[in-house]
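Report on the structure given below.
We name chains A, B, ... by the order of the sequence lines, and we start the count at 1 in each one.
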Amino acid sequence: MSTVTSDFLRVVSERGFLHQCTDIEALDKRLLEGPASAYIGFDCTADSLHVGSLLPIMLLRWWQKTGNKPVVLMGGATTRIGDPTGRDDSRKMLSDDDIARNMAGIQKVFGKYLAFGDGATDAVMVNNADWLNGLNYIDFLRDYGVHFTINRMLTFDSVKLRLEREQPMTFLEFNYMILQGYDFAELWARHKIVLQMGGSDQWGNIVNGVELGRRVHQAQLFGLTSPLLTTSSGAKMGKSANGAIWLNEEKLSNWEFWQYWRNTEDADVGRFLRLFTELPLDEIARLEALQGAEINDAKKVLAGEVTRLARGEAAAAEAAETARKTFEEGALAENLPTVEVPMAELEAGIPAFALFVRAGLAASNGEARRLIQQGGGKVNDSPVKDAQAPLSLADLKDGVVKLTAGKKRHVLVKAV
RNA sequence: GGAGGGGUGGCCGAGCGGUCAAUGGCAGCAGACUGUAAAUCUGCCGGUGUACACCUACGUUGGUUCGAAUCCAACCCCCUCCA
């Protein structure tokens with residue numbers, strides 16, 4: 001990596017955000033000349049982003065912090081097509097209602113990471129439906145279609161892989177890359193945006209936009225990608241026992257979010273601290289150097305910082321305190337996930353296995369029985385011996401029963 | 001349009017008339033060891049009833065058979081080659 005002098009490129013290269021850049025020297029030079037605008041596109045395929053999108057979001061945050069203007073592009077129109085990148089099969093088509101709902105959910109998270117407004121470096125949000133939905137097919141083909149050759153498009157990974165695996169790719173999906181390229185050219189024309197960032201899988205799509213901008217507008221545009229993140233043991237980021245690690249609070253509790261980061265593998269701690277927190281690098285170096293059980297302190301810092309950014313100061317403190325009580329004191333912490341059960345049912349007695357199912361700790365009665373048989377089910381911290389044994393009011397402590405599955409999953413059952 | 005191959009549990013992939021809820025691998029869950037880590041070892045891994053049982057499931061619909069994921073027919077979908 002050549003030495004870069006602009007604040008933004010220096011920070012992101014030191015912290016490990018950089019994977020590829022179309023022309024890093026020229027971009028560096030451009031950034032030294034003054035504030036610039038950059039965007040990242042987000043598809044509206046779910047009603048919340050998950051931690052897989054956190055890397056691009058942090059890129060935009062640093063972009064703003066180093067004096068530039070971030071633009072968040074919502075793929076209102078491109079989501080109607082479906083990005084074929086990295087997919088063996090077509091996505092299922094989303095209805096316009098779904099897309100609108102998803103967009104509303106996704107938008108919520110950006111306010112936590114970016115400062116929006118009308119100022120020079122304030123973030124703005126745009127929707128590509130504004131210019132894509134109204135496109136005239138023939139005009140578009142004449143103005144932009146001429147700049148794309150099929151020969152070239154067939155060499156892109158997103159297309160090539162699908163063909164090699166003998167999976168069908170529809171013409172609809174085939175157009176995705178053209179529209180994403182067009183987005184960049186259009187954003188240059190509308191907002192003078194010079195840089196598009198994204199995950200490394202977006203490289204091909206981004207390069208298309210850079211080239212289109214040069215051909216249509218004679219503009220020098222830049223592309224920059226971040227590495228695709230996997231954990232040290234090779235798993236994709238963002239999956240847990242219960243599914244994806246969502247950024248939105250309605251989709252995943254603060255406690256579970258905090259726990260995800262707390263359970264980071266040793267080998268990933270330093271890398272994640274650099275990417276997902278804003279701690280100074282020398283502080284990270286110190287935390288990263290911790291050995292043995294002490295590295296748990298670094299994990300707590302990681303969990304605290306990431307949760308603070310995504311969910312707020314109070315949420316982070318509360319999760320940390322809940323974890324401390326639960327794991328270090330073995331005490332009953334009131335902020336664990338809670339499930340309510342009518343008092344009358346509890347009075348009548350609910351078999352232990354059934355309660356585990358009610359609490360969401362087992363997917364079926366059979367699974368709950370197995371859990372208990374294997375010694376993984378605990379009530380108020382003592383192992384359940386008999387799955388049939390009913391729990392009743394006598395098991396309540398301060399109005400709640402604490403259920404535990406395995407070592408880490410705790411739920412409070414509250415009688416109401 | 002013609003010829004051939006194929007559609008099996010979350011994924012991959014065996015099975016090709018009963019002993020098949022279906023080998024194996026991955027993923028997942030639990031236990032042991034640890035540090036709420038990794039690696040390793042052990043157990044579990046469709047549903048309901050705590051066993052024997054029953055229900056649902058091998059693309060769809062029918063059929064043959066005492067009995068079908070396995071055989072037959074039609075249909076749907078995918079792939080390859082030829083035109």
Phosphate contact (B:A30 OP1 or OP2) by A:Arg409 side-chain N/O below 4.0 Å: yes

Spacing between A:Gln291 atom CD and B:U34 atom C1', to the nearest angstrom: 15 Å

Among residues at least two apart in sequence or on other chains, which ones pass side chain to side chain donor-acceptor pair (under 3.5 Å) with A:Thr121? none

Looking just at side-chain N and O atoms, do A:Gln202 and A:Gln196 make a donor-acceptor pair shorter than 3.5 Å? no

Using the C1' atom as the reference point in each nucleotide, state the distance between B:A57 and B:A21 in Å, no decimals. 8 Å

Give me the distance, rounded to whole Å, that separates B:G24 from B:G62 when you measure between the P atoms they each carry. 34 Å

Does the side chain of A:Ser253 come under 3.5 Å of the side chain of A:Glu256 through a donor N or O and an acceptor N or O? yes

Looking at A:Lys300 and A:Glu305, does any basic side-chain N land under 4.0 Å from a carboxylate oxygen? no

Residues which pass side chain to side chain donor-acceptor pair (under 3.5 Å) with A:Glu318, listed by chain and number, not counting sequence neighbours: none

Given the P atoms of B:C58 and B:A68, what is the spacing between them in whole Å? 13 Å

Atom-pair distance (CD on A:Glu367; C1' on B:C44), nearest Å: 10 Å

Centre of A:Tyr113's six-membered ring, under 6.0 Å away, within 45 degrees of the axis: is that where NZ or CZ of A:Arg61 sits? no

Map A:Leu371 and A:Ala323 onto RNA chain B by nearest heavy atom, then report which one ends up closer to the 5' terminus. A:Leu371

Interatomic distance at C1', B:C16 relative to B:U8, whole Å: 12 Å

Quickly work out the A:Gln388 CD to B:U48 C1' distance and round it to whole Å. 13 Å

Using whole Å, report how far CD1 of A:Ile372 lies from P of B:C29. 18 Å

Any N or O donor-acceptor pair under 3.5 Å from the base of B:G47 to the side chain of A:Asn365? no

Nearest-Å distance, NZ (A:Lys407) to C1' (B:G31)? 8 Å

NA contact type, A:Arg262, heavy-atom cut-off 4.0 Å: base, sugar-phosphate, or nothing? base

Looking only at atom C1', what distance separates B:G7 and B:A69, rounded to whole Å? 12 Å

Sequence-distant partners of A:Glu345, side-chain contact (heavy atoms from CB on, under 4.5 Å), two or more places apart: A:Val341, A:Pro342, A:Ile350, A:Arg358

When rounded to the nearest Å, what value does the distance between C1' atoms of B:C78 and B:G63 take? 26 Å

Applying a 3.5 angstrom cut-off to the pairing atoms, does RNA chain B sit in any stems of at least three consecutive Watson-Crick or G-U pairs? List them by first number. B:1-7 with B:76-82, B:10-12 with B:24-26, B:28-32 with B:40-44, B:46-48 with B:53-55, B:59-63 with B:71-75

Which residue, A:Glu328 or A:Gly366, contacts RNA chain B at a nucleotide closer to its 5' end, judged by nearest heavy atom? A:Glu328

Apply side chain to side chain donor-acceptor pair (under 3.5 Å) to A:Gln291 and list each qualifying residue two or more places apart in sequence or on a separate chain. none

Nearest-Å distance once atom P is located in both B:C54 and B:A22: 14 Å

Atom P, compared across B:C41 and B:G46: separation rounded to whole Å: 22 Å

Using whole Å, report how far NZ of A:Lys408 lies from P of B:A38. 6 Å

What's the closest nucleotide to the A:Ile295 side chain, out of B:G35, B:A30, B:U36? B:G35

A:Asp266 CG to B:U36 P, in whole Å, measures 12 Å

Remember a base hit wins even if backbone is also touched, and classify A:Thr264 as base, sugar-phosphate or nothing at under 4.0 Å, heavy atoms. sugar-phosphate

Polar pair under 3.5 Å, donor/acceptor by atom type, side chain A:Gln374, base B:G31: no

Give the rounded distance in Å between these two atoms: CD of A:Glu265 and C1' of B:U36. 13 Å

Please collect all side-chain hydrogen bond (donor to acceptor under 3.5 Å, both in side chains) contacts where either partner lies in residues 383-396 of chain A, sequence neighbours excluded, each pair once. none

Closest approach to the side chain of A:Gln259, judged atom by atom: which nucleotide of B:G47, B:U50, B:U36 is it? B:U36

At under 4.0 Å, does any side-chain N or O of A:Arg369 touch on OP1 or OP2 of B:U50? yes

